[in-house]
Asker: 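Structure provided below as structure tokens; questions to follow.
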Amino acid sequence: MSSSPDAIKMAENHTAFPQPETGDGVLLFAVNGVKFELASIDPSTTLLEFLRSQTPFKSVKLGCGEGGCGACVVMLSKYNSEIDRVESFSMSSCLTLLCSANGCSVTTSEGLGNSKDGFHPIHQRFAGFHASQCGFCTPGMCMSFYSALTNAKTLERPDPPPGFSKLTITEAENAIAGNLCRCTGYRPIADACKSFAANVDLEDLGLNTFWRKGEPEEHKLRSLPLLNPDLHVSKFPDFLKGKIDKTMKLKFGNCCWYSPTSLEELKALLNSNAFNSSRRIKLIVGNTGMGYYKEKECYEKYVDLRHIPELSVIRKGQKEIEIGAAATISRVITYLKDYDTITASSDGKLFLQKIVNHMEKVASGFIRNTGSIGGNLVMAQRKGFPSDIVTILLAVGSNVSIMTGQKHESLTLEDFLASPPMDSTSLLLSIKVPILEPERNGIVAGSSSKLVFETYRAAPRPLGNALPYLNAAFLANVSPHENGILVNSIHLAFGSYGTKHAIRARTVEKYISGNVVSASVLLKAVKLVQEAIIPEYGTSHAAYRRSLASSFLFQFLSPYASDLSANFGGLHGGLSENVQEMSPTNNCNSSNGELANLALLSTGSQQIKPNSEYYPVGKAMTKFGAAIQASGEAVYVDDIPSPLNCLHGAFVYSTKPLARVRGVDFQSNAEPSRVAAVLSYKDIPSGGENVGSKGLLGFEPLFADELTRWTGEPIAFVVAESQKLANYAANCALVNYETKDLDPPILTVEEAVKKSSLFKIPPFLCPQQVGDISKGMAEADLNILSTELKLGSQYYFYMETQTALAVPDEDNCLVVYSSIQCPEIAHSVIAKCLGIPEHNVRVITRRVGGGFGGKMRRAIPVATACALAAHKLRRPVRIYLNRKTDMIMTGGRHPMKITYSVGFKSNGKITALHLDILINAGISADMSPIIPLFLINSLKKYNWGALSFDIKLCKTNHSSKSSMRAPGEVQGSFIAEAIIEHVASTLSIDVDSVRNVNIHTLESLKLFYGESAGEAAEYTLPNIWKNLGGTSSLKQRLELMQQFNRSNIWQKRGISRVPIVYEVRLRPAPAKVSILWDGSIVVEVGGIELGQGLWTKVKQTAAYSLSLLGCSQTENLVEKVRVVQSDTLSLIQGNITAGSTTSESNCEAVRLCCNVLVERLSALKYKLQEQTSQVNWDNLILQAHLQSVNMAAHSYFVPDRTATSYLTYGAAISEVEINTLTGETKILRADIAYDCGKSLNPAVDLGQIEGAFVQGIGFYMLEEYVTNSDGLTLTDGTWTYKIPTIDTIPKQLNVEILNCGEHQNRVLSSKASGEPPLLLAASIHCATRAAIKAAREQLHSWSKGDEPESTFQLDVPAIIPVVKNLCGLDNVERYLESILPVLDTTDN
């Protein structure tokens, strides 16, 4: 659809880049139908940079800059004149160079529809299915899915029902598999996508605003915004269908972009004098390698290889398929899927399918669409990239063709990998892949021999978008033998395990070849593999990677071991005796078997109970702004157009934990002429102070002074003409450190305690102990003493990184736009830093692209640095932190060391618990003093009898740890469950019974929580606990689980039920409500919209409260309400947006304002009623203005002391399945019941519950936070830090929101929902532990004389290497060793 005329005008009239000199061509492309022609452009400019800086289209977001999150996805379309068809695909604009878009049309989410011209059905359905919370990721999601819809139209399938697409529900879900979301938990996004599928059953979809469950299909179809293939389409501009100059040469200063169209032209170019005199040459196809290798080097020559036919061709020969090196991975996959054209052999088709299945797990679709097969191989050869594709091609015996100068040569892939790294003078031309048909591989027709082939990978995410810990591909020629199955020959390729490149395990191949597969042969083979697969020193999880090699080889060969299948059922419980009847498909394959054949999600249910008592409060309304978030029109801080002469900033941070800073220099290539300033603590104005944030115990520095005290501390702030230049200059900074005569840094909590480096916890924040610990221990039958637990950190991973814009104003004033959860505190800090009155500072925040606590105190230094630079330079300054800097500087959740001693009865009833807890607070107090109180309050969910503790808040030379969603509570809940699990293991009794016996009675609840416990009717946990067990069929499922575990050797299941008791606190909140002349309503609140639906609940509350006037025409009053951005000079005392209760507090403040307005208007209403029987809203408001009634009301809600805190309750039952060969964990199902009181908006609260739960899955199961010996964060991007994705959430997610009646002391009887459900994800961890327990019992049954260990610790996060380690890194060997004596006995 067309863009708005204003947008087109802006784009057409804007001069994109300076044009100092022209080359031989012009860059021509379109964005949403708008024509762009550029005669000169910096070739290093990405499409994302151009869109965000030179066009009005801001839906394209920068989330990671690595192609790993999907926030920047657009659709690229190009015209193929040979077939007269437009070809379209999704792509990552943060990696794609703008020059690559020559002749193409780019479509962003604004191009699909908007609020002025009408939204696209995708936007409408994302909004209607509640699939957008903070909204930062939503436009990218929409574009990934729109690209899939566009390509589905070309599929040769029956036409779908009107309004739907040709996609299946599985394809619809897969379309957004590479996109990250930190808010929603993915379920509603999947439902929105599935609603377009041709085979969808609409009744299976989740909560939405279009229909209710059980309504007739006809009503659903009428209500759903239907897809019109003729109307809802992005038109390809006619001006791009003409002849496009593909041979363009663009020049920008010393840099040039070349687009040769033949191999001869490329040769001439590479051998020319211009190229021979330059070593800084970059050969380009998709530029996706930049996502992994953050090259600091600037190139002089860029050569686009995509227009050279010889490099892009894919053709089938007699025995092989030749693939041009520039062919994209997606195009190769599409070609290989045409099985019938390539081979008539059923085996050959099956082998192709296996290759395709594996290749579809390489990166994400929007990366595969532009990344080339040759680029993947060259990265592996030159830089040791852990490639899946290389391993597959190595196994099948592929060859490559290379050109160096005028010389052409052909090498085996194995020789190519072992050759010296390629440079820019050499070019990979093509890859030749053998066709895996028996007749083409030396097997005579009619022979009993057979080729078998399989590929494997184990990675943090099962469906791709994650590098593997190890990958493998095996090809074998096997035949029947009188003693079983004979391996005539075999290829074993392994890669990605911490080595320079993939290898063939020749020693193992030699041993297996010529042997009949048996248990003894397998045992020897897996031991040989262990000797062959040796990760390089420093490789993470090295032992696990070696174990995977054994597991994969066992999976491949064990089905052919006749002694295993005859006596033990092998992997599959039986095996055909005739090899000709065997399928090489391995359904236990960790990645390419079961998981590959499953839809990402199966079923799920959402049970809510809307109430109309306070209508429209209680209605499941669409989140305010969801549609404009989907279309990309919602404005975030970095979307605000840069003011004239705006500069950009970047931090130079410390890489040392404790050192003197002797100075900061820059490498010679840092382009100092384009750097405006480098600021440090020395640039703080006279009268100001070096302060950058304010915690609970005081201020913290903005910059390091002569001494840097933590890794990641800002040392300097570089200000340059663009964000790209500022980042580049910061990367080129050389900090001169000195550590002579300094004490060693404190990097552990043990060191902190030893050196008394501790923060004091204020008395009012100290948690209270319960009961007499000595007496409780004396009453115990048994005890566990001094057991240690350790918990690591977790990064926020908001999709929008820290960002700010500071604009100087008249009279020494400053306006700062900040993505922050506490503008009021930033306001104060900025004024203090600059030494100016607070009334000279204004901080404005409209919306935040995800916060989770990370944009509370940790956003303040970012805003303050911008403000300092703007104040000093008298020019606007903005910053958008790159993801790596954000992850290094921002900190995260608090790591802890816990030592506990617990006493308990023989039935599991705990009588006493003592805890010694060391909390790593980092370098400053920040919000850390609240952590002990929150931790203990969460841990008190069980009746411990007596509870005592000693908690120390440790000051270390790490980044400051701050509040993160459920701060302290998530750790406390885990500690409680770990202790319960330990007690149950010690007693060898069912853990659920131990939980049961320790759940609070009302009396014990009041003992532990005091006034927060409330009245008896409010204590809903016992009913939630009991009812959830019944509705989820817990008893029956436990029996089925045990049966499954007895029947399966290599898969085990576990189920766990976990409760939560969560104490929340209300805080004061201001509000202002104004009614304008036309009856529309403007609301200001102190809270910030983070995606939690604050504005939506505020709108509902305002509409309800004003409707109490009793006028006519107030039924849709909510549509008249607009909530406006936070402004610290307009509404003071805004407080912080955190702790789950901001919505309640702000709604109550709004209600107080409305009550004042209702009181003012009532007298006028009664007067008007005397004149006419009915008074409508618009007339009443008009008359009020005419009669000078004050139509604005301000309030400041301060909660009553007796109602400041209250308890929320919930429970979850989760079921998982682990693969004991790989450690992979699949979450089969999760059932959640949560008490929301009377929900202000059930749809919003449901989103909060599901999103929090999935974020908890990240903490407990996935998000490995790693630092080096100096405390520098190593997991600093999407390649290394893995948050949940759509393929790692529960396959079935059932949520019930309980409406638990009146709560007089609650805001409209509501309860908080933002943080407490996160704790319920501990049920996943506990279920995993149960599955591991079953695996360990089996493991110990294979070891003679060993007593099974009754207790073990499962680390957090329980990533797959951790799970595999507990299941036995050597479980394959131990299994084979245990059965060999039995086999010998059988043979005898």
Asker: Taking the inter-plane angle between the rings of Y292 and W1279 on a 0 to 90° scale, is it parallel (under 30°), tilted (30 to 60°) or perpendicular (over 60°)?
Answerer: perpendicular
Asker: side-chain contact (heavy atoms from CB on, under 4.5 Å) with V848: which residues, sequence neighbours excluded?
Answerer: E800, S819, T845, K855, I1088, L1090
Asker: About how many Å separate CG of N357 and NZ of K337, when rounded to the nearest 0.5 Å?
Answerer: 8.5 Å
Asker: Given 3.5 Å as the limit, does a donor-acceptor pair link the side chain of Y795 with the main chain of D886, or not?
Answerer: no
Asker: Does K383 qualify as a cation-pi partner of Y293, given the criterion of NZ or CZ under 6.0 Å from the six-membered ring centre and within 45 degrees of its axis?
Answerer: yes
Asker: Looking at every heavy atom in both A729 and V718, which two are closest together, and how far apart are they?
Answerer: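 So the two residues come closest at CB-CG1, 3.7 Å.
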Asker: Return the set of residues passing side-chain hydrogen bond (donor to acceptor under 3.5 Å, both in side chains) with T154 (not counting sequence neighbours), or none when no residue passes.
Answerer: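 With neighbours one apart ignored, the set is empty.
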Asker: For T1273, enumerate each residue passing the side-chain contact (heavy atoms from CB on, under 4.5 Å) test, keeping only those at least two apart in sequence or located in another chain.
Answerer: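 Per chain and number, T1273 pairs via side-chain contact (heavy atoms from CB on, under 4.5 Å) with I888, Y1265, T1267, T1275.
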Asker: Tell me, please, which residues at least two apart from S105 pass side-chain hydrogen bond (donor to acceptor under 3.5 Å, both in side chains).
Answerer: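 Result, side-chain hydrogen bond (donor to acceptor under 3.5 Å, both in side chains) vs S105: none returned.
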Asker: Taking only residues two or more places apart in sequence or in another chain, which ones pass salt bridge (charged side-chain N to carboxylate O under 4.0 Å, His left out) with D638?
Answerer: R52, R878
Asker: Sorted by first residue and then second, give each side-chain hydrogen bond (donor to acceptor under 3.5 Å, both in side chains) pair with at least one member in residues 68-80; sequence neighbours left out.
Answerer: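 Qualifying pairs: S77-S88, Y79-D84, N80-E87.
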Asker: So that I can tick it off, tell me whether D388 and K361 are bridged by a salt bridge, with the cut-off set at under 4.0 angstrom between side-chain N and carboxylate O.
Answerer: no
Asker: Taking the side chain as every heavy atom from C-beta outward, state whether I879 and F651 have any atom pair closer than 4.5 Å.
Answerer: yes
Asker: Only pairs at least two apart or in different chains count here, so list each side-chain hydrogen bond (donor to acceptor under 3.5 Å, both in side chains) that has a residue in residues 89-98.
Answerer: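 For residues 89-98: S90-N369.
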Asker: Are any non-hydrogen side-chain atoms of I373 and I389 less than 4.5 angstrom apart?
Answerer: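 In contact.
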Asker: When you compare the side chain of Y299 with that of S44, does any pair of heavy atoms fall below 4.5 Å?
Answerer: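 S44 vs Y299: side chains apart.
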Asker: Are M799 and C181 side-chain neighbours, meaning at least one heavy-atom pair lies under 4.5 Å?
Answerer: no
Asker: Start with the C-alpha gap between V390 and H501, add the side-chain angles, then the distance that decides, and say whether side chain to side chain contact (heavy atoms under 4.5 Å, CB included) holds.
Answerer: CA-CA 8 Å; V390 164; H501 53 74; 5.8 Å; no
Asker: For a 4.5 angstrom cut-off between non-hydrogen side-chain atoms, does F36 reach L27?
Answerer: no
Asker: Can you name the salt bridge (charged side-chain N to carboxylate O under 4.0 Å, His left out) partners of E265, sequence neighbours left out?
Answerer: none
Asker: Should E633 and S109 count as side-chain neighbours, where that means a heavy-atom distance under 4.5 Å?
Answerer: no
Asker: According to salt bridge (charged side-chain N to carboxylate O under 4.0 Å, His left out), who are the partners of E1264, at least two apart in sequence or on a separate chain?
Answerer: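 Testing E1264 for salt bridge (charged side-chain N to carboxylate O under 4.0 Å, His left out), a comparison that skips the adjacent residues, returns none.
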Asker: At their closest point, which heavy atom of P1284 faces which heavy atom of R182, and how far apart are they?
Answerer: CD-NH1, 3.8 Å
Asker: If only atom types and distance count, is the side chain of R280 paired as donor or acceptor with the main-chain N or O of C298 below 3.5 Å?
Answerer: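 Answer holds: yes.
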Asker: Output the distance between atom CZ (F275) and atom CD1 (I281), rounded to the nearest 0.5 Å.
Answerer: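 Between F275 CZ and I281 CD1, I get 5.5 Å after rounding to 0.5 Å.
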Asker: Examine distances only and state if a side-chain atom of Q723 and a backbone atom of Y880 form a donor-acceptor pair shorter than 3.5 Å.
Answerer: yes
Asker: Let me check something: any side-chain donor-acceptor pairs from residues 65-72 under 3.5 Å, sequence neighbours excluded? List them with distances.
Answerer:
from	atom 1	to	atom 2	distance (Å)
E66	OE1	T1278	N	2.7
E66	OE1	T1278	OG1	2.5
E66	OE2	K294	NZ	3.0

Asker: Is there any salt bridge (Lys or Arg N to Asp or Glu O under 4.0 Å) pair reaching into residues 134-143, and which pairs are they, with sequence neighbours excluded?
Answerer: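 The answer is none; no pair qualifies.
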Asker: Is it true that a side-chain atom of R457 and a backbone atom of P462 form a donor plus acceptor pair closer than 3.5 Å?
Answerer: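 Between the backbone of P462 and the side chain of R457 there is no qualifying donor-acceptor contact (under 3.5 Å).
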Asker: Quick check: does any side chain N or O of N254 sit under 3.5 Å from a backbone N or O of E300, one acting as donor and the other as acceptor?
Answerer: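 Side chain of N254 to backbone of E300: no pair is present.
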Asker: Do the non-hydrogen side-chain atoms of C99 and I41 ever get within less than 4.5 Å of each other?
Answerer: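 Of all side-chain heavy-atom pairs linking I41 with C99, at least one is under 4.5 Å.
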Asker: Which pair of non-hydrogen atoms, one from G178 and one from N465, has the smallest distance, and what is that distance?
Answerer: O-ND2, 3.5 Å
Asker: Check the orientation of Y636 and F136. Use parallel for under 30°, tilted for 30 to 60°, and perpendicular for over 60°.
Answerer: perpendicular
Asker: Which residues satisfy the salt bridge (charged side-chain N to carboxylate O under 4.0 Å, His left out) test with R331, sequence neighbours excluded?
Answerer: none
Asker: Which heavy-atom pair separates A502 from T391 by the least distance, and what is that distance?
Answerer: CB-OG1, 3.6 Å
Asker: Can you see whether F797 has R883 sitting over its ring - NZ or CZ less than 6.0 Å from the centre and within 45° of the normal?
Answerer: yes
Asker: Does any non-hydrogen side-chain atom of I1286 lie less than 4.5 Å from one of I189?
Answerer: no
